[in-house]
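Here's the structure we're looking at; comments come further down.
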Amino acid sequence: MRLVLIGPPGAGKGTQAAVLSERLGVPHISTGDLFREHVTRRTPLGREAQRYLDTGELVPDHVTVGMVRERLAGPDARHGFLLDGFPRTVAQARELTAILGAAGTALDAVLELTAPEDVVVARLLGRGRPDDTEDVIRHRQRVYRHQTAPLLAHYSAVLLTVDAVGPVSEITARALAGLSDAERWAG
Ligand code: AMP
């Protein structure tokens with residue numbers, strides 16, 4: 001299974017991705033986590049990415065896409081993956097299509113997690129990551145609306161929308177049910 005998880009910051013992508021990747025037997029690839037690892041290790045990529053993470057802006061594509069291409073070339077991602085936080089723009093989606101196309105593959109599904117903005121902002125305020133100050137949270141929501149939400153139309157043919165309000169296990173069950181329906185339709 002080659003999957004992408006999309007949703008506003010605070011929709012629970014990281015939580016669901018961890019559970020779903022285990023259930024589906026594919027690696028969980030989070031660009032946010034990859035960036036944070038680079039920042040912690042103080043690599044050149046991390047030093048370049050830091051100021052974007054701090055303000056909630058998107059890291060430029062020449063940095064992000066290269067990092068993803070390298071990660072997807074890893075042997076564990078050959079037969080599937082769950083991408084969390086990438087692509088975040090239509091341009092990144094086109095890059096992903098090209099990366100997969102060069103390997104003779106394509107996405108199977110795009111899972112969208114939806115939740116009202118007041119719910120996601122409240123979740124993020126309770127989480128306590130360094131970029132979870134109210135200003136940065138609000139900015140990340142704006143970036144999502146303007147830059148990432150247009151991706152939903154781009155992926156309409158493979159899009160599966162899941163209500164992300166409720167207990168974690170119920171949301172996982174909704175996602176898995178949606179994926180198995182989608183598989184059935186795809187034959
Ligand atoms: P996340 O952990 O998904 O909330 O991402 C945290 C931060 O990492 C974002 O606010 C961006 O600064 C950066 N980031 C993560 N994924 C991407 C991406 N696909 N493109 C650009 N920046 C990203």
Side-chain angles (χ1 to χ4, degrees), residues 1-17 20-21 24 26 28-35 52 55-69 71-72 77 80-121 123-124 136-166 171-187:
M1 270 255 177
R2 293 180 177 83
L3 293 179
V4 162
L5 206 53
I6 295 185
K13 293 190 297 297
T15 304
Q16 287 303 321
L20 289 170
S21 74
L24 299 168
V26 294
H28 169 201
I29 301 177
S30 155
T31 43
D33 286 349
L34 291 173
F35 282 132
Y52 299 99
T55 54
E57 285 296 327
L58 296 184
V59 178
D61 282 358
H62 70 271
V63 178
T64 307
V65 173
M67 183 179 76
V68 170
R69 181 181 289 112
R71 180 63 189 86
L72 287 178
F81 51 77
L82 178 49
L83 267 174
D84 158 14
F86 183 92
R88 256 176 157 93
T89 63
V90 173
Q92 289 182 2
R94 296 211 168 96
E95 296 277 5
L96 178 61
T97 301
I99 292 169
L100 296 178
T105 64
L107 288 179
D108 294 301
V110 173
L111 210 62
E112 177 199 7
L113 295 181
T114 59
E117 182 159 333
D118 55 338
V119 172
V120 299
V121 170
R123 279 185 192 166
L124 292 174
V136 177
I137 288 172
R138 297 266 173 221
H139 187 65
R140 295 210 309 272
Q141 298 296 329
R142 271 198 301 278
V143 169
Y144 178 78
R145 276 198 305 275
H146 292 134
Q147 303 199 54
T148 307
L151 264 185
L152 301 170
H154 179 85
Y155 281 135
S156 61
V158 284
L159 190 68
L160 217 126
T161 299
V162 173
D163 175 4
V165 181
I171 299 163
T172 307
R174 283 175 210 146
L176 289 172
L179 286 172
S180 78
D181 276 355
E183 254 182 352
R184 205 168 310 133
W185 286 110

Indicate the atoms forming the closest heavy-atom contact of [X] with [Y], along with that distance.
X	Y	value
L72	F81	CD2-CD2, 3.7 Å
M1	V26	O-CG1, 3.7 Å
R123	G12	NH1-N, 3.9 Å
P8	A115	CG-O, 4.4 Å
D84	G14	OD2-CA, 3.5 Å
G166	I171	O-CD1, 3.3 Å

Return the [atom1] to [atom2] distance between [X] and [Y], rounded to the nearest 0.5 Å.
X	Y	atom1	atom2	result
L160	I6	CG	CD1	11.5 Å
L3	I29	CG	CD1	11.0 Å
I99	R69	CD1	CZ	4.5 Å
L58	Y52	CG	OH	10.5 Å

Does the [X] side chain pair with the main chain of [Y], one donor and one acceptor, at a distance under 3.5 Å?
X	Y	result
T97	A93	yes
T148	T89	no
D108	R2	yes
R94	A91	no

With a 4.5 Å cut-off on side-chain heavy atoms, are [Y] and [X] touching?
X	Y	value
D61	E95	no
V63	F35	yes
T31	R88	yes
L107	Y155	yes
L83	L5	no
T161	L159	yes
H139	E57	yes
L152	V110	no

request  = Let me know which of V119, V136, I137 forms a side chain to side chain contact (heavy atoms under 4.5 Å, CB included) with L124.
outcome  = I137
inquiry  = Under a 4.0 Å threshold between the charged nitrogen and the carboxylate oxygen, would R145 count as salt-bridged to E117?
reply    = yes
ask   = So does E112 pair up with K13, basic N to acidic O under 4.0 Å?
value = no
inquiry  = Please determine whether side chain to side chain contact (heavy atoms under 4.5 Å, CB included) holds for the pair V4 and L96, giving the CA-CA distance in whole Å, both sets of side-chain angles, and the decisive distance to 0.1 Å.
reply    = CA-CA 10 Å; V4 162; L96 178 61; 4.0 Å; yes
request  = For side chain to side chain contact (heavy atoms under 4.5 Å, CB included), just list the numbers for T64 and Q92, CA-CA rounded to whole Å, side-chain angles, deciding distance to a tenth of an Å, and then say yes or no.
outcome  = CA-CA 9 Å; T64 307; Q92 289 182 2; 4.0 Å; yes
